[in-house]
Structures are given as structure tokens and as C-alpha cells.
There are 2 protein chains.
Amino acid sequence: MTSYIEPLAQESTPSIIADKLRKAIGHGEFKPGAQIVEADLARKLGVSRGPLREGMQRLTQEGLLVSIRNRGLFVIDMTPQDIRDMYLAREAIERAAAFKILRDGDFETVGLALLAIVDQMAAADGDPAAVGELDIAFHELLVRLADSPRLSRMHRTSMIETRMCIHALEETYLATDARAIEHERLANAIRTGDVARTDELLSAHMDDAIERLVSR
Amino acid sequence: MTSYIEPLAQESTPSIIADKLRKAIGHGEFKPGAQIVEADLARKLGVSRGPLREGMQRLTQEGLLVSIRNRGLFVIDMTPQDIRDMYLAREAIERAAAFKILRDGDFETVGLALLAIVDQMAAADGDPAAVGELDIAFHELLVRLADSPRLSRMHRTSMIETRMCIHALEETYLATDARAIEHERLANAIRTGDVARTDELLSAHMDDAIERLVSR
DNA sequence: GGGGTTAACATTGTCGACAATCTACCTTTC
DNA sequence: GAAAGGTAGATTGTCGACAATGTTAACCCC
């Protein structure tokens, strides 16, 4: 039971803008490689260019946008090399998160929470978009439950990049059955507190994803 | 031998400002918890508040600054909890970097390069500031040689936070002999391609650091 | 004296305007 | 016809000014 009285943290405008941009990029509203034209976007968001630029700097820092001086900011284009690098980072983060949960968290509860998502995944059978969202939800939950601000922050960026990849593939990204099973195994490994198996499955899971994404 | 002809990437002003701020924070020029007053700093840097604010947003994204709406930006204050979390993230990154080097890099060359820093560490014996810098150089080199843009970007933030911790301690942070030996063992594990031992030493190294920093 | 109100100050948040730069197209010249 | 040069348009980079907000201290009332 958390208290109702807590410091109220009003988000700054740049931070809100950054969130909107992340969502837009993750959902393919801005295509990879596309230029973000400040004046247009500022008008659409109903703010001036100042706060918008500040928000965009955040995404630049995250590596979701790349800056070319006097030319503008562009959405990154995920090369196969980028995909590999992103999964390297993602695996590092998620392994650390899983490890922390197994070491000093309630891994049984976490495992059950993850299995709930797996159930939904099985229920959403056939719908690639829904399964994709649940896939992301699974990994987001895993890291969130590790209760690490830094891992969460880094992971958020990786998940946007993952979304970009999934979105770029659309239909091609299927094999929903196999994915549900992979996630179920992983959730169970965590639920039972099996460190070695969690490591192994997580690693294999990432390798599979890379394989699916780059060999196309 | 690299070519002299390569695309010239001019850094954007916010990016330069962000770099300067990171250095300033890492070297204790801005104390933890201190407010960054925009007008003052803009005057000192010789730019207007616009670009400065954009640069500061980058550090906010990195978690080095925290924003309180209508109040301003403040340098983070590293609580013991923060130190633990930072080392969790750092360990995740460095393990991934080491693992990548051992898997598909020239680990022997990397190990030797790291040993060169260890030698300097032994030579700088007694000078805590010098040893501290070499400690950081060691870990920066490790991650840089993994050749991963994402791990490098994430690691940079962690290293600023590490610097903050070291700087906050100043004199207390000694035991230079022990540190040189720890690093030497680690470098040798990498040089010989020993995955398990690298993992183990890296993990122990981080735990030691946490111990030194929080138990004060 | 404690609590509440008000006013002055400092700082941040936002905006519009201007300068600098790049791109693309057109013109000129050989 | 191809290359060099010039020009117009569009976009980003930067700045100064104003509005909004929060803080502090003085003052008043009970």
C-alpha cells in the first residue's frame, strides 16, 4: 500500500515531447532515415521550436536521432550491424535485470507476472501485432521489476529500437507459437530461480531475434 | 593506416556543451545537488540560453541532471542506493563488452593494451589521483575496444558517475596496490581468453568498488 | 509567537525574429 | 555538352525579450 502523499513530479515540456517522439518513432510514424523538420513538427505539437529542439536533443543523446549540423535531425536507420549492437546492449541489460531479480528479488512473483503475459500471448494467437506488443511488454516488465532506474532508462531506448525493427518487418515477423514457448520457458526459469538456465535462455532468445531480423 | 579523407562530422553546439558539462560534473566543478543556473553558465560559456538548455537536456536524459519544473536543473546526488545501481549498470555493460571481445575480438591484443595501463598504474604508485584516472582509463579502453556504439554511449554516463564518486572521496580512495593487482588479473584473464574467470573477476571488482564507496 | 497574506525578486519557460548555412536549380562560359 | 559559378528557397542555429512560476522576506492579524 503506497501513500497518496508523494512528491508530485510534473514533467517538463521537453520530456513530454521526447516521450511523444519516442512513441512516434517506435510506431513507424517517422520512418527510419526521415528528417524531422522542426517548424512542421512544432506546429503539429502546438509548441514553439525551442522546447521541441530540447526534446529532440534527448533522443539524439539516446541515439534514436542523428544530428547533421546545419542540416537537421534524422531518424536512425537500423542497419544489420545496428540490430546486432542493439541486441548486445539489450541482452546486457536484461541479463543484469534478471540476475538482480534472482539474487535479491521475489523471483517467484516475477516469474508468475511474466507467465501472465505469456498467457495473453497464447490467447492472442495469430495476431502478429498483438503478439509483438506482448513480447515487448514481457521484456519491459522484466526490467521494470528489477527496480533499477539506470537499467530501465537504458532499456527504454533499446525497446524503441526493437519496436522500429518489428514495425519495419510487419507481416514477416510471425512464428508466434515459437515465441510464446520461448517466453514461457524464460518465465519459468525465473520463477524457479534457475540462474544458469535464465542466462542461457535469455542469450538464446536474443540470438533468435537477431537471426529473425537480419536474415531477411 | 587510415585515410585523411573522411566525412567531417562537425559536432553540434549542444553536443559540445554537453561534453563540457559532463567533464565539469565528473571533476567536481559542479557539486552534487548544486543547481545549474542557466544565465550564469550561458555567460561563462559564451552562448545564449537556448543551446545551453539543449545541451543540458542531454545530461538530463542521461540522468546526470534532474529537472524540477520551474525550479531548474540540479546535479544528481549519488546516494548509496545510486552507487549500487550505477555499478549494476556498469557491470552489465562491461561484462557484455568483455564477452564480445572474448567471443569475436582479438582478446590477446586487448589484454596487452589493458596491461599497459596496469603498468602505468604501478608506476604512478602512491598518487591517488593518477591511479584513479588510470582506473577509469582501463575500463574506458575495455569498452571502447569492444567496438559497440551503444555500450560505449551507456558506459560514458556510468564513468561520469564513477568520477563523481571518486572525486567525492578524494583522499580516502586509496589501496592503490590492491587495485593495480585486481586490474592486472582482469587484463590477464582477458588476454588468455578465459571467459569464466573474466566474469568472476569483473563481478568481484565491482563489488569491491561498491564496498569501498558505500561503507564510509 | 504562530499563521497567513502580500509584494518584490530571481529564475525558468516560451516565443518570435533574424542570421548562417545548405541544397537545388539555373545561368554562364569554354 | 560539361563544369564552374551564381542565385533563390528552405531549414537550421542563435539570440534577446517577455511571460509564468516559485521563493523569500516583510508585514499584519489573531
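Note on naming: letters A, B, ... go to the chains in the order of the sequence lines (proteins, then strands), and numbering restarts at 1 for each one.
The pair B:Glu161-B:Arg90 fails the salt-bridge criterion, with no side-chain N (NZ, NE, NH1 or NH2) lying under 4.0 Å from an Asp/Glu carboxylate O. A salt bridge links A:Glu62 with A:Arg22: the distance from a Lys NZ or Arg NE/NH1/NH2 to an Asp or Glu carboxylate oxygen falls below 4.0 Å. A salt bridge links A:Asp82 with B:Arg150: the distance from a Lys NZ or Arg NE/NH1/NH2 to an Asp or Glu carboxylate oxygen falls below 4.0 Å. Salt-bridge check for B:Arg95 with B:Glu91: passed, with a basic side-chain N closer than 4.0 Å to an acidic carboxylate O.
For B:Asp104, the side-chain contact (heavy atoms from CB on, under 4.5 Å) partners at least two apart in sequence or on another chain are B:Lys100. In this structure, the salt bridge (charged side-chain N to carboxylate O under 4.0 Å, His left out) partners of A:Arg163, at least two apart in sequence or on a different chain, are A:Glu133. Residues forming a side chain to side chain donor-acceptor pair (under 3.5 Å) with A:Asp147 (at least two apart in sequence, or on another chain): none.
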Protein and nucleotides 10-14 of chain D: nitrogen or oxygen contacts under 3.5 angstrom:
| from | atom 1 | to | atom 2 | distance (Å) |
| --- | --- | --- | --- | --- |
| D:dT12 | OP1 | A:Gln35 | NE2 | 3.4 |
| D:dT12 | OP1 | A:Ile36 | O | 3.2 |
| D:dT12 | OP2 | A:Glu38 | N | 3.3 |
| D:dG13 | OP1 | A:Asn70 | N | 3.4 |
| D:dG13 | OP2 | A:Arg53 | NH1 | 2.7 |
| D:dG13 | OP2 | A:Arg53 | NH2 | 3.2 |
| D:dG13 | N7 | A:Arg49 | NH2 | 2.8 |
| D:dG13 | O6 | A:Arg49 | NH1 | 3.1 |
| D:dT14 | OP1 | B:Thr13 | OG1 | 2.5 |
| D:dT14 | OP2 | B:Thr13 | OG1 | 3.3 |

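For the contact set between residues 57-65 of chain B and DNA chain C, defined by any heavy atom under 4.0 Å, there are no members.
Atom CG of A:Leu52 and atom P of C:dG16 are 14 Å apart (whole Å).
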Name every donor-acceptor pair, under 3.5 Å, that has one atom in a side chain of residues 65-76 of chain B and the other anywhere in the protein, sequence neighbours excluded.
| from | atom 1 | to | atom 2 | distance (Å) |
| --- | --- | --- | --- | --- |
| B:Arg69 | NE | A:Glu11 | O | 3.1 |
| B:Arg69 | NH2 | A:Thr13 | OG1 | 3.0 |

